[in-house]
**Student:** 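Shown below is the structure under consideration.
A quick note: this is a predicted structure, and the numbers were derived from the prediction, not measured. Both ligands and their constituent atoms are indexed starting at 1 by order of listing.
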Amino acid sequence: MLSHNLGYPRVGSQRELKKASEQFWAGKINRDELQKVARQIRHRNWEAQKEAGIDLIPSNDFSLYDQVLDTSFLVGAIPQRYHQIVDGKSNNELDLYFAMARGVQRDGLDIKAMEMTKWFDTNYHYIVPEFVKDQKFSRYSDKVILEFEDAKQKGILTKPVLVGPVTYLLLGKEKEGGFNRIDLLDNLLPVYIDILKELNKRGAEWVQLDEPCLVLDLTPGEKLAIESAYAQISEAVPDLRILLATYFGALEDNLVLATALPVSALHIDLTRGSETLPAILTSEAFVNSGKILSLGVVDGRNIWKNDYKKSLKFIEWAIAVLGVSRVMVAPSSSLLHSPHDLDLEKNEEVLTPEIKNWMAFAKQKLNEISTLAKLAVTDYSTCPLFEANQVAVESRRTSTLIHKAAVKDRVAAIRSTDFERISVFSERQQIQLEKLKLPLFPSTTIGSFPQTDDVRQLRANLKKGILSLEEYEIRIEEEIVKSLRWQEGLGIDVLVHGEFERNDMVEYFGESLSGFVFTQNGWVQSYGSRCVKPPIIYGDVERPQPMTVRWSAFAQANSEKLVKGMLTGPVTILQWSFVRDDQPRKDTTFQIGLAIRDEVVDLEKAGIKVIQIDEPAIREGLPLRKSAWKAYLKWAVDAFRLSAAGVADQTQIHTHMCYSEFNDIIDSIAAMDADVITIETSRSQMELLDAFADFSYPNEIGPGVYDIHSPRVPTVDEIKSLLEKALQVIPARNLWVNPDCGLKTRKWPETEAALRNMISAANLLREEALAEH
Ligand code: GLN
Ligand code: ZN
């Protein structure tokens, strides 16, 4: 039985590509040096897969930046504004490529980068293709051919991977009106066919076309496009075997369509949507078609060891129905989304051998895939590889490190009243008005202040043991006091402590909660050269002791003004971590919710009257299918409410959200019932306010009045007119004044200038309002 892989991490086990790209961008190494690093990574990846015994090894899964950008490059979808780069002096493909990814600002050129957005529901971001009405496509890059030939030279006949034509179009955006991007299919297909023909001529036996759009809700037109695309491809290159890859979900209503396409093999994701398997195995059309079924049994998006017993059940079932020659074993998706190599985790104090034995990173997953392919055709019950796997699985299932009765009991005992504040918002608002004595249009910031090198150094030195805890705390306290005086000087109404002690808003809490572990090299590509190292939630989550009270209490004790407590919410902590696959995400989120609830209550006890629980990631947890939105939003909102509802009416709960549009989930945001929400809107203020026209948001709200992602300082007038615009749909007593996100990536001078203007705008507005009454 054949094993294959859909894609492999490409940044390098030591993030070599990240380092080389950044050096290249900084002009410190040249093109050839960058390409050399890239080639080495590709070669090592192929070798690793060959060594692991993978039969069909992918090529063109590598990318210098992003595979969707590579596709735009391949088919010549180069937006007009970049043409001057090609036409001009620097006639260099790489310059053009990186200009599209990152924009350019040099030699009198100032060209914006292409937009970037999340790849389905992963944390990987792709470069959004831009299409115009009369969009032409023509083959522009030979990357897929070159990589295929390069591997061939090394004796590996790879399976080239391409983003499929329909998914490619759907991932893009129309940059002008009057057409639908799916209408471009007929222009696009000849380029795909041309490439497939050439690959075929050069000896490729298999090509993998990724069409994850098949797990989404598709319109009838989009379904027709898929049918037409694959009919044309199979007619044009009848000898080339196409493996059509779907992943990240079940096929559901697209199953009949997907199984009927004239391709040689269909890949399905059994880690998300295993219900697709029985549906296919009972589909007469598929069973009689002679097509191969590729089973994505090894999770490409997580770090847990595979349960061989469970996977083998799927594989055996497929073999029983289709015969062994019609089944392939694979990861669920590309391994791009898992960290590189567990063997690099050598610090046993951080990752104990017991916990490590439950895990598999990309390199280990390769072995799982080839082992499963072998086991499936032998009597494996007494095979040592199988037995060792089952020992690990059993150890994880029963370990007291993971399973804590007290935590599970507490979640089981949650009552509906635990989600409810004591009084409804209108009553709370009245009480808070009296107790907090805030002016009309109160001003605040989102939590963090510029993280200078000095502050980063403090944390690093504490970690390294160069700085004692005592010294460290004194230094952080100094930073806090400085920032309090500075905020008071600016005239901000609700202060923050500045988050100087935090490296990252999720990692900081993960480090203080039980049930989390951290890796040293578990990097995953987020976009371009940017990688993240998500915490791993492996067990029941508990809060051994207060996490932030010390700092918030200190800050409040040092100011006459209100100082806001600052926490990260349960959904965001979940969303930005690797999570358990042995219980529903909801259960893990509720456990975190209870831990945050305890922190909120402790903050209140310590005299903190305003507490913010950030949930910037709530929208990105939305399921791919609309039909699953409601259930997700229900438990996500509940988890937030659980974390917030333990306090008295007079304690004001804030939340903060950013990174996305909220118009389509505005009713869920309202259902969170935070007393105040500060929300990113400054880049699309008109859009958010549109939502308010249809839906009157009941609680207090601070629509961000300027974009903190840019160093640009907004003028008083700009801010004031944004606030005036907001006042057309938000009652004056509910309106807050604040930037649209935390300020940690900014520098102090621009932060001060911007906040000064923000406060002036709020003051002007206040004066005008008072004059009117
Ligand atoms: N409180 C966090 C900060 O100010 C919020 C960050 C975020 O929304 N991403 O940095
Ligand atoms: Zn934010």
**Student:** Can you say whether the rings of F248 and F120 are parallel (under 30°), tilted (30 to 60°) or perpendicular (over 60°)?
**Tutor:**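 The arrangement is tilted - the two ring planes meet at 30° to 60°.
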
**Student:** Give the atoms of ligand 1, by number and element, whose distance to some non-hydrogen atom of G447 is under 4.0 Å.
**Tutor:**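 Listed by number with element: 4 (O).
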
**Student:** Heavy-atom contacts with H656 under 4.0 Å: which atoms of ligand 1 show up? List them by number with element.
**Tutor:**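 Heavy-atom distances to H656 below 4.0 Å select 8 (O).
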
**Student:** Examine ligand 1 and decide if any of its atoms is less than 4.0 Å from a heavy atom belonging to M566.
**Tutor:**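 Per 4.0 Å heavy-atom rule, M566 contacts ligand 1.
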
**Student:** Does one side chain, of S443 or D493, offer a donor that lies under 3.5 Å from an acceptor on the other?
**Tutor:**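 On atom types as modelled, these side chains qualify, holding a pair under 3.5 Å.
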
**Student:** Going by the atom numbers of ligand 1, which of them fall below 4.0 Å from some non-hydrogen atom of G742?
**Tutor:**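 Contacts of ligand 1 toward G742, numbered from 1: 3 (C), 4 (O), 10 (O).
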
**Student:** Quick check: closest heavy atoms across I127 and M100, and the distance to 0.1 Å?
**Tutor:**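 Shortest heavy-atom contact: CG2-O, 4.5 Å.
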
**Student:** Using distance alone, determine whether E499 and ligand 1 share an N or O pair under 3.5 Å.
**Tutor:**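 Among all N and O atoms of E499, at least one is under 3.5 Å from an N or O of ligand 1.
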
**Student:** Please give me the minimum heavy-atom distance between F449 and Q487, naming the atom from each residue.
**Tutor:**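 Smallest heavy-atom distance, with atoms named: CE1-NE2, 3.3 Å.
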
**Student:** Backbone, side chain, both or neither: what part of S448 comes under 4.0 angstrom of ligand 1, heavy atoms only?
**Tutor:**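 S448 to ligand 1: contacts from backbone and side chain alike.
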
**Student:** Have D587 and Q583 got a donor and an acceptor in their side chains that come within less than 3.5 Å?
**Tutor:**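 Note: D587 and Q583 side chains miss the donor-acceptor criterion.
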
**Student:** Could you verify whether a donor N or O on one side chain and an acceptor N or O on the other, from D675 and Q652, lie under 3.5 Å apart?
**Tutor:**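 Q652 and D675 do not have a side-chain donor-acceptor pair below 3.5 Å.
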
**Student:** Under 4.0 Å from a heavy atom of D614: which atoms of ligand 1 are those, numbered in the order shown and with their elements?
**Tutor:**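 That gives atoms 1 (N), 2 (C), 5 (C) of ligand 1.
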
